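Quick caveat, the model's predicted, so the values are computed rather than measured. Throughout, protein chains are lettered first and strands after them, A, B, ... in sequence-line order, and every chain is numbered starting at 1.
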2 protein chains.
Amino acid sequence: MAYAEVLSALADPTRRGLYERLARRPHRVGELARLARLSQPSVSQHLRVLSDAALVTHERDGTRRHYRASRAGLDELRTYLESMWDDVLAAYAAGDPAPPKKTAPKKTQMTRAPR
Amino acid sequence: MAYAEVLSALADPTRRGLYERLARRPHRVGELARLARLSQPSVSQHLRVLSDAALVTHERDGTRRHYRASRAGLDELRTYLESMWDDVLAAYAAGDPAPPKKTAPKKTQMTRAPR
DNA sequence: CAACAATATAAGCCATGGCTTATGCAGAGG
DNA sequence: CCTCTGCATAAGCCATGGCTTATATTGTTG
């Protein structure tokens with residue numbers, strides 16, 4: 001159920017902004033903080049969430065860390081979306097015209113045209 | 001930017017649960033409340049969020065309303081994901097091996113947080 | 001080792017949002 | 001017309017989470 005983490009990670013606008021920067025090119029933590037006008041700790045926290053969701057990876061470079069976007073998290077979410085898509089289509093194929101009345105019919109039900 | 005609403009709508013587990021039920025088949029509000037073990041107002045609120053994100057639609061049936069999942073919201077999100085996917089791939093193609101050391105010798109640095 | 005640099009973690013503050021109960025409102029039927 | 005049913009909206013409570021400052025950790029360098 002990793003898609004859940006991906007969804008909540010990308011739901012936050014600030015975090016999504018960071019991710020979108022990383023999707024274009026790798027950045028250092030300090031760089032992101034400056035560009036996004038956030039404190040460095042805040043960026044670190046967001047990066048941890050993105051990392052837990054497999055949306056980013058990082059490499060050490062001395063005392064610095066280069067973060068970059070990863071495909072893994074996106075893939076998780078895409079798979080989930082596709083299964084939902086399939087369900088929705090199947091549901092339409094099954095009961096398209098109008099939802100049936102499920103309540104037990106009381107007595108003589110007069111079928112009237114709605115509206 | 002409708003994908004933002006879709007992301008935050010699906011980020012909540014309860015709301016996602018409701019959406020997944022609707023993806024399988026249409027439901028009435030009271031049905032959802034009973035199945036999800038939530039109060040009816042809570043379900044109504046979730047349905048409003050899902051509706052604003054174009055993830056569900058509804059039809060009136062007397063005093064009842066039949067909600068069903070819609071493809072529109074999913075499509076918004078899928079489009080966004082694909083553009084992110086493309087960005088990530090392009091970034092890898094551009095600077096794959098290792099992020100270059102870009103730091104020129106400097107002297108000024110300030111770590112300050114904006115207010 | 002001392003001093004500095006870059007990032008991570010800790011702790012606390014505050015707004016957001018999800019849940020509940022109470023209430024409003026429209027449609028169906030006696 | 002009155003009432004009941006099914007849902008929406010209002011109001012308030014409380015936990016979650018994102019932001020900040022302060023501090024710890026790790027690596028580099030003289």
Nucleotide [N], atom [atom2] - distance to [atom1] of [X] in whole Å:
{"X": "A:Leu38", "N": "D:dC19", "atom1": "CG", "atom2": "P", "value": "6 Å"}
{"X": "A:Arg60", "N": "C:dA5", "atom1": "CZ", "atom2": "C1'", "value": "14 Å"}
{"X": "A:Glu5", "N": "D:dT16", "atom1": "CD", "atom2": "C1'", "value": "16 Å"}
{"X": "A:Leu50", "N": "D:dG18", "atom1": "CG", "atom2": "C1'", "value": "13 Å"}
{"X": "A:Asp52", "N": "C:dT9", "atom1": "CG", "atom2": "C1'", "value": "14 Å"}
{"X": "A:Asp12", "N": "D:dG17", "atom1": "CG", "atom2": "C1'", "value": "9 Å"}
{"X": "B:Gln40", "N": "C:dA22", "atom1": "CD", "atom2": "P", "value": "14 Å"}
{"X": "B:Leu47", "N": "C:dG18", "atom1": "CG", "atom2": "P", "value": "13 Å"}

Looking at [N], I'd like to know if its phosphate oxygens (OP1 or OP2) sit under 4.0 Å from a side-chain N or O belonging to [X].
{"X": "A:Arg48", "N": "C:dT9", "value": "yes"}
{"X": "B:Thr14", "N": "C:dC19", "value": "yes"}
{"X": "A:Arg64", "N": "C:dA6", "value": "yes"}
{"X": "A:Ser42", "N": "D:dG18", "value": "no"}
{"X": "B:Thr63", "N": "C:dG27", "value": "no"}
{"X": "A:Tyr67", "N": "C:dA8", "value": "yes"}
{"X": "B:Arg15", "N": "C:dG18", "value": "yes"}

State which of [options] makes the closest approach to the side chain of [X].
{"X": "A:Arg65", "options": "D:dC7, C:dA8, D:dG18", "result": "C:dA8"}
{"X": "B:His46", "options": "C:dG18, C:dT20, D:dT21", "result": "C:dG18"}
{"X": "B:Arg28", "options": "D:dA8, D:dC7, D:dT20", "result": "D:dC7"}

Under a 4.0 Å threshold between the charged nitrogen and the carboxylate oxygen, would [Y] count as salt-bridged to [X]?
{"X": "A:Asp75", "Y": "A:Arg78", "result": "yes"}
{"X": "B:Glu31", "Y": "B:Arg25", "result": "yes"}
{"X": "B:Arg48", "Y": "B:Asp52", "result": "yes"}

- Task: Is it possible for you to check whether A:Arg16 lies under 6.0 Å from the centre of the six-membered ring of B:Tyr3, through NZ or CZ, and within 45° of that ring's axis?
- Result: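 No; the conditions do not both hold, so A:Arg16 does not lie above the ring face of B:Tyr3.
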
- Message: If you assign each of A:His58 and A:Gln45 to its closest nucleotide in DNA chain C, which residue comes earlier from the 5' end?
- Response: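 Result of the comparison: A:His58.
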
- Message: Would the distance check show the side chain of A:Ser42 and the main-chain N or O of A:Ser39 forming a donor-acceptor pair, the cut-off being under 3.5 Å?
- Response: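 No.
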
